[in-house]
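Report on one structure; see the data block that follows.
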Amino acid sequence: MWRETALQAFPGVGFGEPAHAPKLAQAERRLGREIPPELKQLLLESNGVIGQSSVDTVWALDRIVEQNLLFWSDPSFAQLYMPFEALLFFGDNGGGDHFAFVQTPQRPDIFVWEHETDSRRWVAGDLRDYLGRSLREGGDDWYQL
């Protein structure tokens, strides 16, 4: 299902090998929280999605874990930015902006964190909407106003 969604938006999309359920469970233990169900299903079909200009539209599971643990714990980030604990990052635009699920309160919407301004704003209603918008022709700054 997720591969078809991505291919409809961008026929040149790249896919990773599927993640395995035990790795997902291990990732959730390391994160100390559940991965949103639709993201889990996508990762079970493709452990990462590569979009336009070789952008990591959806990161591989290991990167999801490492990046989130870094953002949640790095003391220099705490001095520069608002807290990241409510977010679960899973992809980027290739230029420093990151895409995330809001986990507190838990919701299906996707938000962008813009690294230069530390702003966080809504960009898609759910993962399917995010894939459609981010993989469509038009560049890696598709979410800019």
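Everything numeric in this text was worked out from a predicted model, so none of it was measured.
Residues Q41 and L39 are not in side-chain contact: their nearest non-hydrogen atoms beyond the backbone lie 4.5 Å or more apart. Side-chain contact between L135 and T57: present, with at least one pair of heavy atoms (C-beta onward) separated by less than 4.5 Å. Contact check for E38 versus Y130: no side-chain heavy atoms found under the 4.5 Å cut-off. Using a 4.5 Å heavy-atom threshold, the side chains of F99 and V58 count as separate. Contact of the L127 side chain with the F90 side chain is registered, since non-hydrogen atoms from C-beta on lie closer than 4.5 Å. Contact of the W2 side chain with the L43 side chain is not registered, since no non-hydrogen atoms from C-beta on lie closer than 4.5 Å. At least one side-chain heavy atom of S119 sits under 4.5 Å from a side-chain heavy atom of E114.
Here D126 pairs with nothing under the side-chain hydrogen bond (donor to acceptor under 3.5 Å, both in side chains) rule; sequence neighbours left out. Partners of S54 under the side-chain hydrogen bond (donor to acceptor under 3.5 Å, both in side chains) rule, at least two apart in sequence or in another chain, do not exist in this structure.
A donor-acceptor contact closer than 3.5 angstrom is absent between the side chains of W142 and N93. A donor and an acceptor atom, one from each side chain of D97 and H115, are located under 3.5 Å apart.
In this pair, Y81 and W113 present their aromatic rings perpendicular. The plane angle is above 60°, beyond the 30 to 60° band.
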Please tabulate, for the side chains in residues 22-37, all donor-acceptor contacts under 3.5 angstrom to protein atoms that are two or more places apart in sequence or on a different chain.
residue: E28; atom: OE2; partner: I35; partner atom: N; Å: 2.8
residue: E28; atom: OE2; partner: K40; partner atom: NZ; Å: 3.0
residue: R30; atom: NH1; partner: E66; partner atom: OE2; Å: 2.8
residue: R30; atom: NH2; partner: E66; partner atom: OE2; Å: 3.0
residue: R33; atom: NH1; partner: E85; partner atom: O; Å: 3.0
residue: R33; atom: NH1; partner: Q103; partner atom: OE1; Å: 3.3
residue: R33; atom: NH2; partner: E85; partner atom: O; Å: 2.8

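Stacking of R107 on the aromatic ring of F101 is not recorded, the 6.0 Å distance cut-off and the 45° axial limit not both being met.
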